[in-house]
Chemist: 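One structure, pasted below without further comment.
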Amino acid sequence: MTSNPQSIPVPAPLGAPADPAPAALRAVVTGASSGIGAATVRALRSTGWDVIAAARRIDRLEALAGETGATPMSLDVTDQASVDAFTAEVTAAGPIHALVNNAGGAFGTEQIAEARTEDWERMYAVNVLGSLRVTRALLPALRAGRQGSVLFLTSTAALAAYEGGAGYCGAKAAQESMARSLRLEEAGNNVRVIEVAPGLVHTEEFSLNRLGGDQGAADKVYQGVEYPLTADDVASTVAFALNAPHHVNIDQLVLRPLAQAANHKLLRGS
Ligand code: 8X3
């Protein structure tokens, strides 16, 4: 039986010299400045990971870094030059053991008859092409770490269509497809590929961004839903999947609030 590097260590017998503490595993989390990304940084730090918290809004990252001990780094996943500079700096410091492709979001709720091309371009740029750029750039460092994980934060929107969701559903389904291909391509390099697909998550910014900054409209999305998922609910699921022994590949993990029995069935109180 082979031992797994992420298994719980067996204590040394009494009197035996202690092994030096193993170096912490290193994770990159994109879109780390708020919501699920920031919560994931906290969850991974609290379970012993070295975390590089990456996002465009460096001021927010500095605060998160002060709180958690993560390393803040500027990254715009839609800009190849930014990804290149980020990759050079991160990989110079050693291998990577996990990449959490969290940067993304939804823009607009228009049906296809009224869809705004620029919203779709933005959704594909950040969710799909952003994940591609960062994953492609960090794969050599993930392979070098000899126990790599790439985790895609998708959505239940990837699993079923809904009116006004075509652009977002399509972008999330594209990420899901990317995860499936990558799993086949990288298994031989000991890189596992995980997809976490949450349903309704109440974060500060998701619906606000989607609805063009209209706080009233954003609040209505969650109105009467006593317990939507929180960013921490999702982050603890991400940490669970990444902390599983490395031979355990959780292909796809779907989580919804109890009140959302299906994408189209959301129970609201009065
Ligand atoms: C967000 C879930 O239902 O708004 O990823 O598409 S939903």
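Ligands are counted one by one from 1 in listed order, and the atoms in each one are counted from 1 as well.
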Chemist: State whether a side-chain donor-acceptor pair under 3.5 Å links Thr154 with Glu176.
Modeler: no

Chemist: Quick one, Glu118 with Arg122, criterion salt bridge (charged side-chain N to carboxylate O under 4.0 Å, His left out). Give me CA distance, side-chain angles, the key distance, then yes/no.
Modeler: CA-CA 6 Å; Glu118 57 274 24; Arg122 237 172 124 195; over 6 Å; no

Chemist: Is a donor from one side chain sitting under 3.5 angstrom from an acceptor on the other, for Glu195 and Gln175?
Modeler: no

Chemist: Tell me whether Arg45 contacts the main-chain N or O of Trp49 through its side chain, where contact means a donor paired with an acceptor under 3.5 Å.
Modeler: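 Yes; at least one donor-acceptor contact below 3.5 Å.
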
Chemist: Hey, which atoms in ligand 1 end up nearer than 4.0 Å to a heavy atom of Gly199?
Modeler: 2 (C)

Chemist: Quick check on contacts: which atoms of ligand 1 are under 4.0 angstrom from a heavy atom of Ala157?
Modeler: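 Those atoms are 6 (O).
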
Chemist: Should Gly165 be listed as contacting ligand 1, given a heavy-atom distance under 4.0 Å as the test?
Modeler: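 Heavy atoms of Gly165 never come under 4.0 Å of ligand 1.
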
Chemist: Quick one: which of Ala158, Ala106, Ser155 has a heavy atom closest to atom 2 (C) of ligand 1?
Modeler: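 Residue with the shortest heavy-atom distance to the ligand atom: Ser155.
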
Chemist: Starting from atom 4 (O) of ligand 1, what is the nearest protein heavy atom, named by residue and atom, and what distance separates them?
Modeler: Arg210 NH1, 3.5 Å

Chemist: How far is atom 6 (O) of ligand 1 from the closest protein heavy atom, and which atom is that?
Modeler: Tyr162 OH, 2.6 Å

Chemist: Between Asp233 and Thr230, is any side-chain donor less than 3.5 angstrom from a side-chain acceptor?
Modeler: yes

Chemist: Could you tell me whether some N/O pair between Tyr168 and ligand 1 is separated by less than 3.5 angstrom?
Modeler: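 Checking ligand 1 against Tyr168, an N or O pair does fall under 3.5 Å apart.
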
Chemist: Would you kindly say whether Gln215 and Asp219 are connected by a side-chain donor-acceptor distance under 3.5 Å?
Modeler: yes

